[in-house]
Amino acid sequence: MKKIAALCFLAVMGLQLTACSVGADKNAWIEEDKAKIGTTLDCGQFVVDGTVYSFPADVADWTNNGWHISNNYENKDSFLLESSVFSNEFELFNDENKDEYVGMCAINLGAEPAKIEESAIDMLKISTSQNDRDPKLVLPGGITYNSTKEDIIAAYGTPVEEDEDGLLLYYTYTGKDDLEVIVELRVFGDTLNRVVYSLSEDNWGSIKNADECSQFIDDALKTSFYCDYARYVENKFDTEENALMLYETEVEYYTQGLMYYLDIDYDTADDATLEGFREATKQIFKKFKWDAPVVNLTGDTWGEVELTMYPTDFLDIILEDAQQVADTAETEEDYNAGMLAVVTSKIDSISYREPVIKTYDIDIDDGVITTEDWDEIDDILMDFNE
């Protein structure tokens, strides 16, 4: 009996030792992950399930790392976000653990429409707990699911703001591309329960009334056709790089249209011809004219804008001389050079057709004017509209 009792005692001790060993290692991942990133919140880094992420970031940083957009986002493969427009909130699920997910909103910071996966992250929401269904999250300084409010303040200092119950702590920092980031830390049951990273609204230009909306539309047109983007950029409606890209895109569009009208093959034309037509286009753009947009906001963020535009008569006034070149040019080189000469000689003679007055729906929260309406405005001013 003593032998059996001794064996039982050893067995119990073995279980206790094993249990103690498991308990000691249970949170080893916290120290391991803590060492992978900086110690202050403004490093912009954090660790999820052993992988280092950052904010600001792109959606692709996650989808390329074993996460995928929820199938509930039914048109995720075909849906395109317009430039500077935010998506609705959606979920990313983890391939390794089907129960894990993070909440996310995207924003298209590019100049052209883009898929969700090609966009930047505007908001990232991560819940954290002892539950295996939540990601293993470690913030700078080792802040994680078992950190108290006191731990958070000791690591990051006094928050810039907290809610009246003291359960939501807000911090800010400046990330890449000078984007201001807001970090919301929720304490629930005495410990960290959720973290939300988001890009501050102060990063973007805001429109509060009809006059500001009219100014925005006018500045967007000046950026597009005059390369006059100083106020557009200053008001944070886009970066200088994207504003210049918008102008160059318009130049390329008109250049190709003008060369097509003159029966010049854009794809085979030499560099000198292409550059000549681009420079001519920039001079033609300086002649584009419209009246100040008249905006009527019938709701808080939506309404209509009336825009009076003055299409140029340029395509008409070059036609006779262009026909003469077509009749007399003996080689493709002579033809292209002759057409370019006609174009550059007629720019100072530009006048205008009858004004075209159009009314467009506007939604301040959704790109102000739709891409289709912007395209129509372009074609009217360029006299490409049929």
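Starting from 1, each residue takes its place in the sequence as its number.
Closest heavy-atom contact between V59 and I121: N-CG1, 3.6 Å. The heavy-atom pair separating P140 from C43 by the smallest distance is CG-SG, 3.6 Å. Closest of all the heavy-atom pairs between I347 and K287 is O-CE, 3.6 Å. Counting all heavy atoms, side chain and backbone alike, T223 lies closest to Y247 at O-CB, 3.5 Å. What you find for V305 and P293 is that their closest heavy atoms are CG2-CB, 3.7 Å.
Checked by atom type, the side-chain pair Y360/E376 shows a donor-acceptor distance below 3.5 Å. Side-chain contact annotation: T255 with T281, donor-acceptor N/O pair under 3.5 Å present. In this model, no donor atom of one side chain and acceptor atom of the other lie less than 3.5 Å apart for N242 and Y232. A donor-acceptor contact closer than 3.5 angstrom links the side chains of D134 and S129. T273 and D270 are linked by a side-chain donor-acceptor pair at a separation below 3.5 angstrom, with hydrogens and angles left out of the test. D218 and W290 share a side-chain donor-acceptor pair at under 3.5 Å.
Between R278 and E275 there is a salt bridge, since at least one side-chain N of the basic residue sits less than 4.0 Å from a carboxylate O of the acidic one. The existence of a salt bridge linking E162 and K149 is confirmed by a sub-4.0 Å separation between a basic side-chain nitrogen and an acidic carboxylate oxygen. Checked for salt-bridge contact, D316 and R353 meet the test: a charged N lies under 4.0 Å from a carboxylate O.
Judged by a 6.0 Å distance limit and a 45° cone about the ring axis, K222 is not positioned over the six-membered ring of Y229.
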